[in-house]
Structure formats: structure tokens, C-alpha cells
Amino acid sequence: MSGLTVLVVGSGGREHALATALARDPAVDVVHTAPGNPGTVALAAERFGVAAGGPVQQRLAALNPTDGAAVVALAQELQANLVVIGPEAPLVAGVADTVRAAGLACFGPSAAAARIEGSKQFAKDIMTAAGVPTARSFYCTDAASAEAALGAFGPPYVVKNDGLAAGKGVVVTSDRAAALAHAAACGTVVIEEYLDGPEVSLFAITDGVTSRPLLPAQDFKRVGDRDSGPNTGGMGAYCPLPWAPADLVEQTMTRVIDPTVAELAARGTPFVGLLYAGLALTSRGLRVIEFNARFGDPETQAILPLLETGLGTVFNAAANGRLADLGPLTWRPETAVTVVVAAQGYPAEPVTGGMIGEPLPLSDAVHVIHAGTARNAAGQLVSAGGRVLDVVAKAATLSQARALAYEAAGRIAFPQGFYRHDIAEWAVAGLIQPAGSL
Ligand code: AMP
Ligand code: GLY
């Protein structure tokens, strides 16, 4: 085999974005995405001649991502020499361990290392041990300890479900009763001090020892314009950040990523994959809000189109402990904006089955990633999830990328969809700045 045959596990916008970037790498012979979605099916058909609806596609679509044995069997059948696990659920369930145990190269952390996302309390333990700056917090298992913690910090209250919650387990509120109700509903929570200042997502690819940063991005967590309404998985993103301090990446690597990776290695559970640091640039300096054990969605959709280095080459180096042999990643001197088109009702109860007109907008500057789509019995594109499409635009300036993304979003015929109108708006207007020095 001359190049890489990659199996990407997952079916969302992140996996379609990963597959799209992998397909651009000349070192990659073929990319399969399983279970995949209509976007990854079209990519495989157009780029690699994998027949849409053919037997390979059917086997890909049949995969249960959290079934490690099934992932291994599919990878072997496809003769994949690199497995990339996209979402957190299979990582926390130990699918990467099963893949590695079968002798396959895998980009994605072990279950033990993925606990950094799977348990808020574990993440706090790692940060304390590694001296990583984060919000002070209490671990609360009952109403009395939750009440005490809320009293200790005062409003606004931050109450986090201890386990995985797909970006929706956190309530930030000044309403004490609502904070207590969320704690009661979750059972076990982490209650922490409120962090002021803008948020940044900084991702690093690591082989467990050496780490390489990606460009910083900003995500928009709330469902509505001006950060109104409930938290979501993320409604849009842009990259890089024109307002970020010049040493943001270096400071984050030195004070956050490197010590965390070293701490996990020292515990005998090295982290191999993508370590996502959610940061707040507060009045008291840089603080970690959370770690994730996988690429962020939708930040990835804005970051990867700017990557010049071949993504398959980077993943393969990380999966095989050879990241140090690879120089720093290189980037196009451009900027990208992602606008998420969601289904009405998201995040509570998104309506599914809404018709989406084709063709979707496509140009040199704009492409559309599928996040939650499906084809109905008649082969028509319909919505099948909360976040449905990600419109991605790339341009020389942030203001141009933003205009292109919104122009394209406005052309999508999806009557049951909606999107935020203010993605990257404040950044373009120069209205964002860190609350203090790093
Ligand atoms: P998490 O799941 O920990 O990323 O939290 C989701 C969102 O809740 C974050 O992106 C923040 O917008 C908000 N959040 C979480 N923790 C805090 C905090 N300590 N202070 C302020 N906002 C927070
Ligand atoms: N965009 C936030 C996340 O992926 O968790």
C-alpha cells in the first residue's frame, strides 16, 4: 500500500469536515466515513469513486460507532491503515483502545485519557495536579453541598453535569432556583466560579508527548443572536481570531496543553489525538473552562480549510508517536467563518424530516458541510438532527468571509431551518477584547 487508507468514525459535521480535509492530503489514497452522512457519501463518490448506495456505503452506514469490535472489523475489511475516531462517545467507551489492541494505528485517545472530557471532576483533578489555571470549583453530590457551593461563589451560577452531555450539560444563570434545579436533575455536578471575558477554542494534536497547536477559533454556544437562549453544541465559528493576544497560542501551549499532556502521560494514560482546550480570557488571566477529547464542532469546520499541511500525514504521525519528526503545521493566510443552520426547535426538540433544496451553495470560497442530514426514501435531502448544515466560507478578511457565509446561508432552501445572524459580527466590528492580560 502506498498511501493512507483512512476510516473516519462518526456521522456529524465534524466528521464530514475531517473527511474533506483528509481527502485534500496527497498522502491519503481513500477516506471512508462510517456511519457517515449524505455529505460524506457524496465526498467518497466524487473523490474516490466509492459508489453511493453501493455495498461499501451500506456497510459504512451500518456501523455503530461505540461498538469497538465492529469498528475493527470494518477497518480490517476496508484495509484501513489509520482509524480516526470523531465523536466523544466512542472515545469515552474505549473504542480507540480496541482499535489499537487489534494492531491498527488510531487517532483518538484511550478511554482512560478521554475521561478528561467524560468527567468534569477528572478534568479538574488533572488541572490541579498539572498546575493548569481553571475556575475554582466544588464537586457536589446532593442538594446541601450544591446549596453551599452556590453560596460560596454567588451569582452568576455555573452548574455542570459531571458526565458527558453533548455540550448541553451546563447551566449558567443568576437564578438560584434554576441553578439548584439543574443540580438536582443531574445528581452529581461540578459548581464553579463564573469566568468573565471572551472564550477561545484552542485545539492541539498530540501523540502523547509532542503537541502541535491548530489556529485558535471562537465558537458561539447559545442558540440565539446576542448569546440569547440555551446552550447548544455550537451555532457558528470563525478562525483565526483577529483580536487574540499575539502570545495566546504560545501561552496556552506552555501553561495548558503541555502540562496536561505531560500529566496524562505521567499517569500512564497518554493522550493521543486532539486535545481541545476551551479557554476564557478573564480579567484575572487565562483560564480553562473545559477540555474535550476530540475536535470541536463547528470550530473544526472553520479551522481545517485553512490547514496547508496534509491532515492525514499529521494524524498518522500522531497515531504512531512521530509528531516530533513533523515540523510545525502550516496555514493559509486566510480566514474562515462557519454558520450553522439548525432545525427549528433545536436544541430542545428539533423537527426532523424538513426538506432541503439541492444543489447546496458551492464555489471556490464556499462549501457546505452536512451535520444532521439524511436522504428520504425518494432520495431527497432532509434534516435528521438538530444542527443540520454548516456553511463554511473562506476569504482574505474576516469581514469578507462573514459576508460570503451569510450570503450562501441565505440561499439555502430549508424552510424549517434557522441560523444565528451574528456569527463573527463583533469580531469584524472590533468589539472583542480579552478581559485582562494573559
Ligand atoms: P462546557 O460544557 O464546560 O464547555 O460549558 C459550556 C459553556 O458554558 C461554555 O462554553 C461557557 O459559555 C459556559 N461556561 C462554562 N463554564 C463557565 C464558567 N465557569 N463561567 C462562565 N461561563 C461558563
Ligand atoms: N463547539 C463545542 C464543542 O464541540 O464542544
Side-chain angles (χ1 to χ4, degrees), residues 10 12-15 17-18 86-89 91-92 114 116-124 127 133-138 149-150 152-174 179 182 186 189-203 214 216-224 226-239 274-284 286-304 338-340 342 347 369 371 386-387 390 420 423 435:
R14 165 185 40 227
E15 288 74 36
L18 288 169
E88 60 273 24
L91 292 166
V92 170
I116 198 148
E117 171 165 5
S119 164
K120 301 273 185 203
Q121 185 56 30
F122 178 75
K124 288 287 183 194
M127 286 189 270
T134 186
R136 288 179 298 128
S137 67
F138 292 105
L150 295 181
F153 293 130
Y157 305 108
V158 181
V159 183
K160 303 187 170 190
N161 194 339
D162 184 43
L164 277 187
K168 289 170 247 170
V170 177
V171 165
V172 181
T173 177
S174 290
H182 186 59
C186 295
V189 291
V190 171
I191 292 179
E192 65 180 34
E193 70 179 322
Y194 178 78
L195 299 175
D196 59 356
E199 289 181 35
V200 171
S201 301
L202 198 285
F203 304 165
L214 307 191
Q218 195 173 40
D219 179 21
F220 292 74
K221 292 260 166 63
R222 302 284 186 130
V223 74
R226 301 279 171 267
D227 290 336
S228 58
N231 266 326
T232 69
M235 293 297 292
Y238 64 97
C239 164
L274 189 290
L275 183 60
Y276 167 138
L279 308 167
L281 309 192
T282 79
S283 49
R284 290 190 284 161
L286 180 70
R287 295 282 185 280
V288 172
I289 295 181
E290 63 162 349
F291 282 118
N292 291 318
R294 38 78 194 169
F295 279 87
D297 187 348
E299 297 97 310
T300 301
Q301 287 84 319
I303 294 170
L304 292 183
T338 299
V339 174
V340 172
I369 294 289
R387 292 183 295 171
D390 309 313
R420 273 182 68 155
I423 306 303

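Here the structure is a predicted model, which is why all the values come from computation and not from measurement. All ligand and atom numbering here is 1-based and tracks the order in the structure. Just so it is clear, the values below take in all heavy atoms, side chains as well, and ignore hydrogens, waters and symmetry mates.
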(request) Start with the C-alpha distance between D196 and R287, add both sets of side-chain angles, then the distance that settles salt bridge (charged side-chain N to carboxylate O under 4.0 Å, His left out), and finish with yes or no. (result) CA-CA 10 Å; D196 59 356; R287 295 282 185 280; over 6 Å; no
(request) State the atoms of ligand 1, each with its element, that fall below the 4.0 Å cut-off from a heavy-atom position in E192. (result) 16 (N), 17 (C), 18 (C), 19 (N)
(message) Taking D390 first and then R14, would you say they form a salt bridge - that is, a charged N and a carboxylate O separated by under 4.0 Å?
(response) no
(message) What verdict does the salt bridge (charged side-chain N to carboxylate O under 4.0 Å, His left out) test give for E192 and K124, after you've listed the backbone C-alpha separation in whole Å, the side-chain angles of each residue and the deciding distance to 0.1 Å?
(response) CA-CA 11 Å; E192 65 180 34; K124 288 287 183 194; 2.9 Å; yes
(message) Is R287 close enough to touch ligand 1? Criterion: a residue heavy atom under 4.0 Å from a ligand atom.
(response) no
(message) Out of all atoms in ligand 2, which are within 4.0 Å of some heavy atom of G296? Include the element for each.
(response) 4 (O)
(message) Show the atoms of ligand 2 that are less than 4.0 angstrom away from any heavy atom in R294.
(response) 3 (C), 4 (O), 5 (O)
(request) With heavy atoms of N292 as the reference, note each atom of ligand 2 found under 4.0 Å away. (result) 5 (O)
(request) Within a distance under 4.0 Å of any heavy atom of K221, pick out the atoms of ligand 2 and give their elements. (result) 2 (C)
(request) State the atoms of ligand 1, each with its element, that fall below the 4.0 Å cut-off from a heavy-atom position in I289. (result) 3 (O), 15 (C), 16 (N)
(message) In terms of relative ring orientation, are Y238 and F220 parallel, tilted or perpendicular, with 30° and 60° separating the classes?
(response) tilted
(request) Walk me through it: do L214 and L274 pass the test side-chain contact (heavy atoms from CB on, under 4.5 Å)? (result) CA-CA 10 Å; L214 307 191; L274 189 290; 4.2 Å; yes
(message) So if I count the atoms of ligand 1 from 1 in the order they appear, which ones are less than 4.0 Å from some heavy atom of E199?
(response) 9 (C), 10 (O), 11 (C), 12 (O)
(message) Does only the side chain of N231 get under 4.0 Å from ligand 1, or the backbone, or both, or neither? Count heavy atoms.
(response) side chain
(message) In the structure I gave you, are the side-chain heavy atoms of L304 and L18 within less than 4.5 Å of one another anywhere?
(response) yes
(request) For ligand 2, indicate whether the residue Q218 contacts it via side chain, backbone, both or neither (heavy-atom separation under 4.0 Å). (result) neither
(request) Provide the number and element of each atom of ligand 1 under 4.0 Å from a heavy atom of K120. (result) 1 (P), 2 (O), 3 (O)
(message) Please confirm whether E193 approaches ligand 1 to less than 4.0 Å, judged on its heavy atoms.
(response) yes
(message) Using only atom types and a distance under 3.5 Å, with no angle test, would you say the side chain of R387 pairs donor to acceptor with the backbone of G234?
(response) yes
(message) Rounded at 0.5 Å granularity, tell me how far OG in S137 sits from CD in E193.
(response) 9.0 Å
(request) Before signing off on this row, confirm whether Y194 and ligand 1 have an N or O atom pair separated by under 3.5 Å. (result) no
(request) Could you tell me which atoms of ligand 1, counted from 1 in the order shown, lie closer than 4.0 angstrom to a heavy atom of V158? (result) 16 (N), 17 (C), 18 (C), 19 (N), 20 (N)
(message) How long is the straight-line distance from CZ of R420 back to OG of S228, given to the nearest 0.5 Å?
(response) 7.0 Å
(message) For ligand 1 and V170, I'd like to know whether there is a polar contact (N/O to N/O, distance under 3.5 Å).
(response) no
(message) I want to check something: taking the side chain as every heavy atom from C-beta on, are E290 and Y276 in contact at a cut-off of under 4.5 Å?
(response) yes
